[in-house]
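I have placed the structure first, in the form of structure tokens, so that the comments after it can refer back to it.
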2 protein chains.
Amino acid sequence: MKVLIIEDDPLHRSYLHEAVRAALPECDTVLEAENGHAGEVQARQSRAEHVVMDLQMSERNGIEAARTIWRERPDTKILFWSNYSDEAYVRGVARIVPEGATYGYVLKSTSDERLKLALRGVFIESQCVIDREVRGIQQKSLGTAHGLSDAEYEILVDVALGLTDKAIAQRKKLSLRSVQNRLQQLYEKLDVYEGPGNGPEGWYNLRMRAVAVALLRKVLNASALERGERELRSARGN
Amino acid sequence: MKVLIIEDDPLHRSYLHEAVRAALPECDTVLEAENGHAGEVQARQSRAEHVVMDLQMSERNGIEAARTIWRERPDTKILFWSNYSDEAYVRGVARIVPEGATYGYVLKSTSDERLKLALRGVFIESQCVIDREVRGIQQKSLGTAHGLSDAEYEILVDVALGLTDKAIAQRKKLSLRSVQNRLQQLYEKLDVYEGPGNGPEGWYNLRMRAVAVALLRKVLNASALERGERELRSARGN
DNA sequence: TCTTGTCTTGCGGGAACCCGCAAATTTTCC
DNA sequence: GGAAAATTTGCGGGTTCCCGCAAGACAAGA
């Protein structure tokens, strides 16, 4: 059994190495890669079926890497080990998990014990192991209370990238008014219409404020923006 | 001699502890705190004059913590040890360094050797030790080429928080038109006016696009936004 | 003092945004 | 199949944004 570790921080990498050794005596080879790009290459060459990786790496982040790994071998088992449970990450992961794949998502702040259980759970028992806290975010992002639908989320990204309503309409093949409708839904869900007695009415630029709130609540983050920007650029010839 | 370590990742914390022990034999006490808030308290109680800390911690980030520490004892020597050299962080640090204080800024990716040199340089020799790469960002942010002036940067934050032109004018005690002028300067400096043959003219909402570009270039980041939001809320009664 | 340069302010207009209203369309569910 | 619910679309108008133009305000320097 082979395990591939993709993690850019050397300290964390060696800690993971240790943990894998300890939790998985049946593992005979541990490989390491120090960024998403190297990770993809390693995965391809070594045919490793077990990967544990960080999200948020420079060069190429975990979500990108995981997507290409899964595209090449959808039965790869991946354990995500991240510092954050930003909704943007959780949503990003959920978006790329192939049908029926087994994966896990644990935070770096969890105990040794829990990490080892997750390693065994995902790699040996083929369970999906999602940290409690991450699970919480998943729920919230689905529960229509605060949660944005996928449609709304995509609009949010387009807006955040700075596209005009017209441009979005064109991109999404919708009428202008429909885009604006979606925007209004966003404004409500993100609760952009001023707090209580916060000064005069027209204090906020709703469009901008919605993005600001999304960023503050971690519904969006820099990495989601980068992904969006890349897609945008590749959508045309650029 | 006492050294206080403020860092939320336990792995990095113990690594730092080790490094301090090795680099500073004259240090007899090493204290640890696991977030900005605890760090402030520790600094106050222990009267430590030497602090090494991470930026970007949950709970309360390094810049906030450093500011209150410096406010209470401006002669404290602080070494920032961070994963990133985002312009937003560099600018944030520069903004709070008191007159004549000695500090350092090194990246977590630097070698053991360099870290130890920085520790000795800042704590013993009272030098300012700034990593090469961080220095580069500093230069760029000053060189008027791409660099935003402080005035422009502040406007950028206000816009990113979602304030309207009118609101900003009021906040900054300027006329509406002046605010819009500053905005236009921003638009030029951030190079928001479409790339080459990128589709029709009105593709971007300039206001939003400027913020997106700033985020992508790390001129702004989530932590800067949070700081801005907090200031905004405290500016009124809220 | 007069010039030169930078910054601020006012005015005006075209474009984009925000949104209520209502009809047309699609989806959902019994 | 048909009714109810949700989405999409067009229209119209009030507001904000974006910005060219030009007249003051202020500072530095010949």
Side-chain angles (χ1 to χ4, degrees), chain A residues 142-145 147-195 198-214, chain B residues 142-145 147-195 198-214:
Chain A
L142 291 181
T144 40
L148 306 186
S149 72
D150 279 6
E152 286 157 353
Y153 183 76
E154 288 191 9
I155 291 271
L156 175 61
V157 174
D158 281 355
V159 169
L161 288 175
L163 297 176
T164 59
D165 292 3
K166 206 188 329 176
I168 299 177
Q170 203 166 317
R171 220 163 122 63
K172 288 274 162 18
K173 305 240 163 67
L174 287 174
S175 77
L176 206 135
R177 189 58 175 92
S178 295
V179 173
Q180 295 177 327
N181 275 337
R182 293 253 240 279
L183 274 180
Q184 277 181 263
Q185 296 175 160
L186 261 185
Y187 297 155
E188 283 198 24
K189 292 217 183 162
L190 291 177
D191 202 23
V192 154
Y193 299 95
E194 329 272 332
N198 265 346
E201 266 307 304
W203 204 259
Y204 286 130
N205 172 325
L206 298 184
R207 164 179 286 255
M208 197 54 252
R209 182 62 184 168
V211 172
V213 170
Chain B
L142 290 181
T144 41
L148 305 187
S149 72
D150 278 6
E152 287 158 353
Y153 182 76
E154 287 191 9
I155 290 270
L156 175 61
V157 174
D158 281 355
V159 168
L161 288 175
L163 296 176
T164 60
D165 292 2
K166 207 189 327 176
I168 299 176
Q170 202 166 317
R171 220 163 122 64
K172 288 274 162 19
K173 304 241 164 63
L174 286 175
S175 77
L176 203 117
R177 189 58 175 93
S178 294
V179 172
Q180 295 177 327
N181 274 338
R182 293 253 237 284
L183 273 179
Q184 276 181 263
Q185 296 176 157
L186 260 186
Y187 297 155
E188 283 197 26
K189 292 217 181 161
L190 292 177
D191 202 23
V192 153
Y193 299 94
E194 330 272 329
N198 265 346
E201 265 307 303
W203 204 260
Y204 285 130
N205 173 324
L206 298 184
R207 165 178 285 254
M208 197 53 254
R209 182 63 183 168
V211 172
V213 170

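Note on naming: letters A, B, ... go to the chains in the order of the sequence lines (proteins, then strands), and numbering restarts at 1 for each one.
Taking atom NZ of residue Lys173(B) and atom P of nucleotide dT8(C), one finds them 15 Å apart after rounding to whole Å. Between the P atom of dT15(D) and the CH2 atom of Trp203(A) lies a distance of 18 Å, rounded to the nearest Å. Per the geometry, CD belonging to Gln180(A) stands 16 Å off P belonging to dT16(D), to the nearest Å. Following rounding to the nearest Å, Asn181(A) (CG) and dA23(C) (C1') show an atom-to-atom distance of 14 Å. Atom CD1 of Ile168(A) and atom P of dA16(C) are 13 Å apart (whole Å). The distance between atom CD1 of Ile155(A) and atom C1' of dT8(D), rounded to the nearest whole Å, is 12 Å. If you measure from atom CZ of Arg177(B) to atom P of dC17(D), you get 13 Å, rounded to the nearest angstrom. Rounded to whole Å, the distance from CG on Leu174(A) to C1' on dT26(C) is 13 Å.
The residue among Leu176(B) and Asn205(B) whose nearest nucleotide of DNA chain C lies closer to the 5′ end is Leu176(B).
For the residue pair Ile155(A) and Leu186(A), the shortest heavy atom distance occurs at CG2-CD1, 4.3 Å. Closest approach of Leu206(B) and Tyr187(B) over heavy atoms only: O-CE2, 3.6 Å.
Look at Tyr193(B) and you'll find a side-chain N or O under 4.0 angstrom from OP1 or OP2 of dC19(D). Residue Arg182(A) places at least one side-chain N or O closer than 4.0 Å to OP1 or OP2 of dT8(D). Between Tyr187(B) and the phosphate of dC17(D), there is no side-chain N or O to OP1/OP2 separation shorter than 4.0 Å.
Note on Ser178(A): a base of the nucleic acid sits closer than 4.0 angstrom, heavy atoms only.
Taking only side-chain atoms of Leu206(B), from C-beta outward, the nucleotide of dC18(D), dC18(C), dG10(C) with the closest atom is dC18(D). Listed candidates were dT9(D), dT16(D), dC18(C). Nearest to the side chain of Leu183(A) is dC18(C). Distance from the side chain of Lys166(B) is smallest for dT16(D) among the nucleotides dT16(D), dT8(D), dG20(D). Closest contact between the side chain of Gln184(B) and the listed nucleotides dC17(D), dT8(D), dC19(D) involves dC19(D).
Enclosure of atom NZ in Lys172(B) by more than 12 non-hydrogen atoms of other residues, nucleotides or ligands within 6.0 angstrom is indicated.
Contact check for Ile168(B) versus Arg182(B): no side-chain heavy atoms found under the 4.5 Å cut-off. Side-chain atoms of Thr164(B) and Trp203(A), non-hydrogen and from C-beta on, never get closer than 4.5 Å to each other.
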